[in-house]
Each structure stands twice: as structure tokens, then as C-alpha cells.
Amino acid sequence: MFRNAIVRKPAFSLKEGLTTSDLGKPDYYLASEQHKLYTETLIRLGLKVKVLPENELFPDSVFIEDIALCTQSCAVITRPGATTRRGETDGIREVLEEFYTIIEEIIYPGTLEAGDVMMAGDKFFIGISDRTNEAGAEQLTAILARYGMKGIKVPLKKLLHLKSGISCLENNTILVCGELTNRSEFAGYNIIVVDEDECYAANSLWINGTVIIPHGFPETRKKIEKAGYETIIIDVSEFRKVDGGISCLSLRF
Ligand code: CIR
């Protein structure tokens, strides 16, 4: 059950964000509209949402999920592997202090972006990617262990972040795609496999029983509904152009 979320408004510089896609540059005005609707959707699902102002210095700063991990016991400030994103953590401690008394931090030589971390109850799957290294994953695992939680490493070959290809839909159910299909790390979960051509929708977002799915992925929607979830579709096309998905746009706790 989530009660709170933190989002950051998109910066006008969003079009300079890191990307591997060939979908073109995001339109700032449309991105702002989509972000507003995203925020309203979280509110509609019962969350209290803190909206941080845009940070023009960092084009990717709208993807606030990457710079902190919010658990039931503590918050962890990350150390992004993308050097152009490292300064995004400035000021986040003060924001998190409004909600948490314990705030931990990933430090050199560790790198970790929380898009690489999937929470499933008290287990946290940690993708080892171009952005999150072994040292970062080990630091996070040690932090989690102090509070009775468990970190499990998931080496990645292709995905930008772990959660680019997987989402936890609670009720022991996960949504997976591509290189995360048939992985031993997820044995024991009910698995919904997303078709290869809808892989972007493997990043959907469970909020208190409802799953927010990106617009344009009808087969994935059908599969999630068949599994018994309410769904809400929202368009995040402008964020997709800079490799961002639905979960990347918020911290939830
Ligand atoms: C980046 O490459 O860092 C951003 N353009 C996209 C970050 C997406 N975040 C996420 O998957 N958690």
C-alpha cells in the first residue's frame, strides 16, 4: 500500500536528456501536460503527491525514481552511474527528511540508479547494468540487511534499467519482458510475459490495486486485466523519447 509520492516537474531542457531511442526529441509542452496527468492519476489513486520544481540544470531530473529508493524503513539516496545525472541528488535529502528519519546513501565507488531496483515485499531485486555496478548493489544489499530486507542481484545484458523490463504487480505477480523472461531469480512468482513488440509496457506501475499502463500496448493491457487488475492508461510518449517509463516519473512509499 502506497500513501505518498514525490514527482519532479519536467525541465525545458528535457530534450537534451540521455537517450538510446530514435523517436525524436520530446516536446516540452506536451511532456508537461502528460506529467500533470500522471500526477493527477497518482492523486486519483489515493496518494498524497509532493511536486518538486523543475531543475533546468539536469535534463533527466524528471526521472526522479533513479535518485532515491524509498523503503518501509529507510530512504536511500543513490549515486547515479550516468555522470551527467549525479548532481540530481543535490537537495533530495531535505525533501526525504520530511518523510523519513533514517536516510542512507550509496557512496563511491558504488553507482546505483533506483530504476534498477524492484521492490517485491521485503525483497529488492537489483539490476547490474551500465548504471548500477556491483559495488552499488552490494552497498544497497548491506543497507537493506540492516533493516531485515533482502537484496538480490540480477545481471543485465541489454536493458537500460532492471525496471525497463519488469514490474512488480504485488500479489506475487510480476510482469516481464525480453531478457528477464525465464530467469531463475524470479522463480516462484506468477509471471505475466509481455510480448516483445510491447516491451515498453513491461514498465507499468501498480498503485494500490490499480495498474497504470502506458498508452499504445493493448495486448499487455488485456493480459493485466485478465489477471484481475483494474487498469488506467496514460500517455507518456514524450518521456519514452528519452528512455523514461511510467515508474521513472515518481518515488512511491
Ligand atoms: C536516462 O537515460 O537516465 C534517462 N534519459 C531515462 C531514465 C529512465 N529512468 C528509469 O528507467 N528509471
Side-chain angles (χ1 to χ4, degrees), residues 5-28 31 34-35 38 42 52 54-70 75-89 92 106 111-119 124-133 136-137 140 154 156-168 174-180 194 199-207 212-214 217 234 236-253:
I6 303 174
V7 299
R8 182 180 293 286
K9 286 186 176 175
F12 189 71
S13 57
L14 177 68
K15 57 184 179 306
E16 310 305 334
L18 298 171
T19 192
T20 55
S21 97
D22 53 5
L23 298 170
K25 295 273 184 198
D27 177 284
Y28 165 76
Q34 292 179 346
H35 193 267
Y38 177 87
L42 297 182
L52 304 180
E54 63 278 13
N55 184 345
E56 286 302 336
L57 294 178
F58 295 99
D60 285 307
S61 53
V62 69
F63 302 118
I64 192 168
E65 171 175 69
D66 292 320
I67 62 157
L69 179 70
C70 294
V76 183
I77 299 173
T78 68
R79 183 167 180 271
T83 48
T84 57
R85 299 197 59 189
R86 224 160 256 172
E88 286 179 32
T89 54
I92 197 68
I106 302 297
T111 66
L112 186 128
E113 296 185 4
D116 271 319
V117 184
M118 181 180 79
M119 179 177 80
F124 291 74
F125 293 93
I126 310 168
I128 307 295
S129 67
D130 285 349
R131 305 292 182 87
T132 295
N133 64 15
L140 180 60
V154 184
L156 302 176
K157 288 200 175 87
K158 295 186 194 150
L159 289 167
L160 171 65
H161 287 124
L162 176 71
K163 280 190 292 187
S164 311
I166 193 167
S167 307
C168 180
I174 56 176
L175 194 60
V176 297
C177 193
E179 67 176 295
L180 296 174
V194 174
C199 240
Y200 180 72
N203 182 276
S204 288
L205 183 59
W206 180 95
I207 301 283
I212 308 175
I213 306 172
F217 303 93
I234 64 168
V236 286
S237 62
E238 301 316 290
F239 301 105
R240 187 180 182 197
K241 291 174 180 172
V242 273
D243 289 346
I246 297 253
S247 74
C248 320
L249 294 169
S250 59
L251 294 168
R252 293 92 31 204
F253 48 99

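Atoms within each ligand, like the ligands themselves, are counted from 1 in listed order. Residue indices begin at 1 and follow the sequence shown.
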Basic-acidic side-chain contact under 4.0 Å: R8, E88: no
Would R131 count as being in polar contact with ligand 1, using the rule that some N or O on each side must be under 3.5 angstrom apart? yes
Could you tell me which atoms of ligand 1, counted from 1 in the order shown, lie closer than 4.0 angstrom to a heavy atom of G115? 12 (N)
With heavy-atom distances below 4.0 Å as the criterion, list the atoms of ligand 1 near E65. 12 (N)
Does ligand 1 have an atom that lies less than 4.0 angstrom from a heavy atom of T19? no
Where does D66 meet ligand 1, judged by heavy-atom distances below 4.0 Å: at the side chain, the backbone, both, or neither? side chain
Look at the side chain of T111 and the backbone N and O of G136, then say whether any donor-acceptor pair between them is shorter than 3.5 Å. no
Purely on distance, is any nitrogen or oxygen of H161 under 3.5 Å from one on ligand 1? yes
Examine G244 against ligand 1 and note whether any of their N/O atoms are separated by less than 3.5 Å. no
Are any of the heavy atoms in K163 under 4.0 Å away from ligand 1? no
Provide, to 0.1 Å, the distance between atom 4 (C) of ligand 1 and the closest protein heavy atom, together with that atom's residue and name. D60 OD1, 3.2 Å
Any donor-acceptor pair under 3.5 Å linking the side chain of E113 with the backbone of S129? no
Under 3.5 Å: donor-acceptor pair, side chain of R85, backbone of F63: yes
Write out the residue and atom name of the closest protein heavy atom to atom 10 (C) of ligand 1, then the distance separating them to 0.1 Å. C248 SG, 2.7 Å
Answer yes or no on whether K25 is positioned over the face of Y28, meaning its NZ or CZ is under 6.0 Å from the six-membered ring centre and within 45° of the axis. no
On a heavy-atom basis, which atom in K163 and which in N203 lie closest, and how many Å separate them? O-ND2, 2.8 Å
Looking only at distance, does V242 have an N or O less than 3.5 Å from an N or O of ligand 1? yes
A68 and A114 have their tightest heavy-atom pair at O-CB, 3.4 Å
Is any N or O atom of D243, backbone or side chain, closer than 3.5 Å to an N or O atom of ligand 1? no
Under the 3.5 angstrom rule, does the side chain of R252 hit a backbone N or O of S247 as a donor-acceptor pair? yes
